[in-house]
Structures are given as C-alpha cells and as structure tokens.
Amino acid sequence: VFVKAARMATNEISAGKSAEKWKVFRDASEAREELGLQSNSLAVLDALLSFYPENELRQDAQLIVFPSNAQLMLRSHGMAGATLRRHLALLVEAGLIIRKDSANGKRYARKNRDGEIESAFGFDLSPILARSEELAMIAQKVVAARSAFRKAKENLTIVRRDVRKLISAAIDEGADGDWSTIEGMYIDIVARIPRSPTMADVTNILDELELLQSEVLNQLHIQKDSAFNSINDAQMSDP
DNA sequence: AATTAGGGACCATGTTGCTT
DNA sequence: AAGCAACATGGTCCCTAATT
C-alpha cells in the first residue's frame with residue numbers, strides 16, 4: 001500500500017520539477033498548524049531533510065532518506081525514541097513523508113558496484129516536492145492571517161482606550177447621561193476578552209466596543225448641540 | 001538461538017491552559 | 001492562587017523479521 005502510494009506521489013510530480021528543500025521546510029513550518037503538526041514534528045522533519053545530501057529536491061532523483069532512529073534522535077536535538085516515532089507518524093499522517101519499509105522494517109540503501117543507490121528503504125520525501133506550491137500557498141495565507149490578526153488587535157486596543165477616555169472625561173466633566181451604566185457596559189465588554197483571543201473574538205468585541213463608542217459620542221454630541229444651541233450644527237454633523 | 005532495528009501500545013510524569 | 005483537564009513526553013514491554 002505504501003509503495004503504491006509512493007509511486008503515485010512521485011508520478012504526480014511533473015517532469016523536471018525541483019524545489020529548494022529548506023525553502024519548502026520554512027513554508028511547511030508556517031503551515032504547521034494546518035498540517036496538524038507540533039513544533040517537535042518540525043525538528044524531526046528538519047532532521048530528515050538534513051539526511052538528504054542535495055539542496056534541491058528533484059523529480060528525477062531518489063528522494064529517499066534512510067537514517068536510523070539513533071541518528072534521527074541525535075539530529076532532533078536529543079529527542080527520545082518514543083517521541084521521535086510519534087512525530088514520524090505525525091509527518092506520515094500529514095502527508096509530508098511516506099514510509100518505504102524494507103522486509104525487516106529497517107532502513108538502509110542497497111548500492112551497486114558504482115556506489116549508486118539501487119534501492120533505498122526509509123522515508124520518501126517526494127510528497128514534500130509534490131506539495132511545494134501548496135505549502136507555499138498555505139504559508140502565505142498563514143502570514144496574511146497573522147498580520148490581519150495583529151492589526152485587529154491593535155484596532156481593539158485603540159478603540160478600547162478611546163472609549164475608556166471618553167467615559168472618564170464625561171464623568172469628570174459631569175456631563176449629562178447615565179455614565180455609570182455605560183461604564184458598566186464598557187467594563188463588561190472588556191472583561192469578556194479572552195486571555196488569548198481568536199480572530200473571531202477580537203472582531204466580535206471590536207464590533208461591540210465600536211457600537212458603544214458611537215453611543216457615547218452620540219450622547220456627547222447631543223449635549224454639545226444643546227449647549228451650543230445648534231449654532232454649530234453644520235460643523236457637528238458627520239462629514 | 002541470539003541479536004538487532006523498528007514500531008505499536010501502555011503507563012507515569014511533567015506542562016500548560018483554563019476555570020473557579 | 002489553586003485545582004483540574006488535556007496534552008506531550010519518555011520509558012518500557014512486546015512483537016516482527018532478517019541476519020549471524
């Protein structure tokens with residue numbers, strides 16, 4: 001089954017295709033969560049790639065590495081054997097590598113007289129080449145989402161501080177209105193911000209805060225309007 | 001028969017994040 | 001601040017298959 005899958009994976013790679021392995025590794029690292037991997041899985045993937053002698057992964061090459069678990073443990077920063085095996089299984093599950101088992105399950109390469117590898121048993125890296133564009137796209141998406149998230153959080157902070165200032169100023173200046181109720185609403189909204197919010201959390205809270213913000217501004221405008229007795233109506237209304 | 005490498009399953013321990 | 005649940009880790013046992 002695995003051999004068949006491996007053949008299928010290599011067959012899907014268009015002729016002459018190649019990719020720089022560490023570039024794909026960085027993309028896969030960005031796509032870590034989407035792939036269902038943990039940070040240590042990446043350490044193992046790093047180790048696996050380090051056993052491939054070339055920098056370029058080529059479609060016409062044998063993309064099989066065959067390090068022993070002991071070697072992999074060393075190059076995975078001393079990771080324990082049981083943990084290493086789990087992460088290898090995760091990488092297989094994520095579809096980044098394919099097991100190519102020998103009859104006895106051990107990893108090795110059989111070489112001919114010229115020293116060329118005739119057949120190798122270990123891990124097939126060809127899915128990494130096959131999916132290089134896909135991984136790059138996921139990485140791009142993740143980076144974009146991260147910066148959008150950062151911007152949303154910045155927005156939230158700005159609006160939050162603004163509303164807080166407006167309410168405090170209104171109370172200090174003794175403006176008309178039920179400011180203690182409004183302050184209570186503000187405190188309630190802010191208290192519902194989770195410790196590590198998701199994008200949805202941030203946008204929801206931001207919506208509520210902006211609603212509250214416009215209510216506060218509305219209150220203050222009404223008051224100013226009456227105070228200035230509609231002389232400045234043209235300037236007070238929104239552009 | 002003994003040895004060796006690999007892998008799955010189980011268990012105890014340690015971390016971390018979340019709730020109260 | 002403390003306790004709880006989920007999760008990751010690492011050690012061990014057991015099995016397989018080839019090699020000697």
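Every chain is numbered from 1, with letters handed out A, B, ... down the list of sequences.
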Legend entry - Length of the line joining A:Arg85:CZ and C:dT9:P, which is rounded to integer Å: 14 Å
Inset, instruction - Salt-bridge test for A:Glu30 and A:Lys141: reply yes if a basic N is under 4.0 Å from a carboxylate O, no otherwise. - result: no
Legend entry - Interatomic distance, A:Arg86 CZ vs C:dT9 C1' [rounded to whole Å]: 6 Å
Legend entry - A:Gln38 side chain, from C-beta outward: closest of C:dG10, C:dT12, C:dT9: C:dT9
Legend entry - A:Lys21 side chain near A:Tyr52 side chain, heavy-atom distance below 4.5 Å: yes
Inset, instruction - Establish, yes or no, whether the cationic atom of A:Arg107 lies under 6.0 Å from the six-membered ring centre of A:Phe123 and within 45° of the ring axis. - result: no
Legend entry - Distance in angstrom units between A:Asn104 CG and C:dC15 C1', rounded: 14 Å
Inset, instruction - Check whether any side-chain N or O of A:Asn40 sits under 4.0 Å from OP1 or OP2 of C:dA8, and answer yes or no. - result: no
Legend entry - Distance-only polar pair, side chains of A:Arg164 and A:Ser168, donor-acceptor under 3.5 Å: yes
Legend entry - Hphob cluster co-occupancy, A:Ile171 + A:Leu217, side-chain heavy atoms under 4.5 angstrom: yes
Legend entry - Candidate nucleotides C:dT9, C:dT12, C:dA17, ranked by approach to the side chain of A:Ala82 - the nearest: C:dT12
Inset, instruction - Under 4.0 Å between any heavy atoms, over every strand shown, what does A:Ser68 touch: base, sugar-phosphate, or nothing? Just pick one. - result: sugar-phosphate
Inset, instruction - Under 4.0 Å from any heavy atom of chain A: name the first and the last nucleotide of DNA chain B that qualifies, 5' to 3'. - result: B:dT4 to B:dT19
Inset, instruction - Can you sort out the partners of A:Phe25 under ring pair (Phe, Tyr, Trp, His ring centres under 6.0 Å), two or more places apart, ordered by chain and number? - result: A:Trp22
Legend entry - Length of the OH-P vector between A:Tyr108 and C:dA18, whole Å: 9 Å
Legend entry - Residue-phosphate contact under 4.0 Å: A:His87 side-chain N/O, C:dA8 OP1/OP2: no
Inset, instruction - Using atom CG of A:Leu42 as one end and atom P of C:dA8 as the other, report the distance to the nearest whole Å. - result: 14 Å
